[in-house]
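What follows is a short report on a single structure.
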Amino acid sequence: MQLYKEQKLKITNSLTGKKERFKPINEGHIGMYVCGPTVYSNVHLGNCRTFMSFDMIFRYLRHLGYKVRFVRNITDAGHLVDDADEGEDKIAKKARLEKIEPMEVVQRYTVDFHKILEQFNFLPPSIEPTATGHIIEQLEIIKEILNKGYAYEVNGSVYFDVKKFSESFEYGKLSGRKLEDMITNTRELTAQSDKKSPQDFALWKKAEPQHIMRWPSPWGDGFPGWHLECTAMSTKYLGDTFDIHGGGMDLKFPHHECEIAQAEASNGLSPVNYWLHANMLTLNGKKMAKSTGNNILPGEIFSGENPILSKPFAPAVVRFFMMQAHYTSILDLSNDALLASEKGYHRLMDAFDNLGDLVTSGKSDFNVQEWQQKCYDAMNDDFNTPTLIAHLFEAVKHINLIKEGSESITLADKELLQQSMNSFIFDVLGLEGKSADYQDSDKLQAVVQLLIELRNEARSNKDFNTSDKIRDQLSAMGIQLKDGKEGTTFSVS
RNA sequence: GGCAUCGUGGCCGAGUGGCUAGGCACAGCUCUGCAAAAGCUUGUACAGCGGUUCGAAUCCGCUCGAUGCCUCCA
């Protein structure tokens, strides 16, 4: 279904700072690149939020009927711990600390990354390329940039010449910086540098003898600079100019700015039509970051093993919590906020479960068609998931009213509601259904049903000791009985 | 210091120049054997100070505060 023909999508383009009507280069097809993780430690929740925002965007674009080629890389080389001239490769450092091979580090944390994303119910990207798998492509780009005169070689390293570049191109257009300001405001570098000026950045770094991760190049053994891989991999799989490039806010400068410069220097073309930036997840009001230790691991949320948490939270609850905020807003994580989201999540899911059993009639008190378009309008407005969720709760209210008998719905409306709620909750927001361990269990269903019958018998005999014992003990086990007009149902938390 | 973003009711969090966002919590009511669930009702929120306007929380200016980037970071 080519929904995109009727649903007009607008997205906030960081390049222009405006909300723009989205138009892909080739109708019906979208190329999207997102900067992936550097796999030198466990993914923390802040990383997950960015990837989750783009997972939701990927899901919605697909839902609209676009054929999306979604590329998200794994950075397994080239990022330095410190200043580009002095630092140690993060992965090499971790390898040294843990006394293992660099590629063991990469393997370990790539596996962790995939495991966590799977628990969060992520869709896999179309292509997940690695930096070390694209050294040749990176070397080719360096040669091209050297050819065009926008880079220079010093002592086996190659640097991008920002000053030269900005004579013909606009360096800083993404992050709103001016080169003159940057020159006057540059901090003093403690290390002596091969660079002609501090704004220049490395395309290729010479490897010192002790450096393990190294590749041969025309300038001697070395490793690629940290902005280059994304230019190489995005253009290789998506073309010289593609539709969407995403990443965390913190990558806007210098990483994405340098990506633009590299691409423009090598072929003169602006690489990306729409730049999207996901905002930070904060903890205690401060950005989560691996380097500062102010972070929380997904595993700690799932298990509840963290001092700020009063209990464990399911991955779907965390996902729901994140979807309740717009991807361009800063979101602060707290126990209270998660608790509130958990309740809301269950209310939404319970209502969806009840939807199938609703009795239909000849008329509807709920204009489902209009409601559905409101949901689309929310998503079309720069993927406004919080507004979408507000609309979903409007549907929840109607479902409950219909269940109570205060409102009615036609069969056609019920089916439409069921189908669109399913699309928005599961396909677009990516919220998993109830935990499989009990939903799949027919036996549990039967056992609880039996207890419900026993309780009802006890109640009709006014044996409230027995009936309350059943209800309270089930509740203690996490099974809630809910008495309604149509009988008793239950939910498991 | 420079660039940028933000400051919404008890908490989280949308949004718009004039029309109830939503979730959670709280209170009252309905239902119930009592509860829970569900429903109904109630909140005179938009950092402060000025300005533009018939009208601004929404536009402009200033002040204060917070955060991000400027060095690796989703």
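By convention in this document, chain letters (A, B, ...) are assigned in the order of the sequence lines, proteins followed by strands, and residues within each chain are numbered from 1.
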Q. Does the cation-pi check pass for A:R347 over A:F393, that is, NZ or CZ under 6.0 Å from the six-membered ring centre and within 45° of its axis?
A. no

Which atom pairs, donor and acceptor, lie under 3.5 Å between side-chain atoms of residues 465-474 of chain A and protein residues at least two apart or in another chain?
{"unit_1": "A:T466", "atom_1": "OG1", "unit_2": "A:D463", "atom_2": "OD1", "d": "3.1"}
{"unit_1": "A:T466", "atom_1": "OG1", "unit_2": "A:D463", "atom_2": "OD2", "d": "2.5"}
{"unit_1": "A:S467", "atom_1": "OG", "unit_2": "A:F464", "atom_2": "O", "d": "3.2"}

Ignoring hydrogens and angles, write down the donor-acceptor pairs under 3.5 Å from the side chains of residues 329-336 of chain A, residues two or more places apart or on other chains.
{"unit_1": "A:D332", "atom_1": "OD1", "unit_2": "A:T282", "atom_2": "OG1", "d": "2.6"}
{"unit_1": "A:D332", "atom_1": "OD1", "unit_2": "A:G285", "atom_2": "N", "d": "3.1"}
{"unit_1": "A:S334", "atom_1": "OG", "unit_2": "A:A337", "atom_2": "N", "d": "3.2"}
{"unit_1": "A:N335", "atom_1": "OD1", "unit_2": "A:S310", "atom_2": "OG", "d": "2.9"}
{"unit_1": "A:N335", "atom_1": "ND2", "unit_2": "A:S310", "atom_2": "OG", "d": "3.4"}

(Q) One character per nucleotide, please: for nucleotides 6-21 of chain B, 5' to 3', B when the base has a protein heavy atom closer than 4.0 Å, S when only the sugar-phosphate does, - otherwise. (A) -------SSS-----B

Q. When we call it a touch if two heavy atoms are under 4.0 Å apart, what does A:K178 touch: a base, just sugar-phosphate, or nothing?
A. nothing

Q: Convert the base pairs of RNA chain B into dot-bracket notation, remembering that pairs crossing earlier ones are written with [ ] and that bases paired across to another strand are shown as |; include only Watson-Crick or G-U pairs under 3.5 Å.
A: (((((((..(((.....[...)))..((((.......)))).....(((((..]....))))))))))))....

Q. Touch check for A:G172, heavy atoms < 4.0 angstrom, all strands: base, sugar-phosphate only, or nothing?
A. nothing

Q. Can you give one letter per nucleotide of nucleotides 29-43 of chain B, 5' to 3': B if a protein heavy atom sits under 4.0 Å from the base, S if only from the sugar-phosphate, - if neither?
A. ----BBBBBBSS---

Q. Can you tell me how far P of B:A74 sits from NE2 of A:H256, to the nearest Å?
A. 10 Å

Q: Would you indicate what A:M280 reaches in the nucleic acid, counting non-hydrogen atoms under 4.0 angstrom: base, sugar-phosphate, or nothing?
A: base

Q.
In whole Å, measure the gap between the C1' atoms of B:G15 and B:U58 for me.
A. 9 Å

Q. Applying salt bridge (Lys or Arg N to Asp or Glu O under 4.0 Å), which residue pairs with at least one partner in residues 49-58 of chain A are found, sequence neighbours left out?
A. A:D55-A:R59, A:D55-A:R319

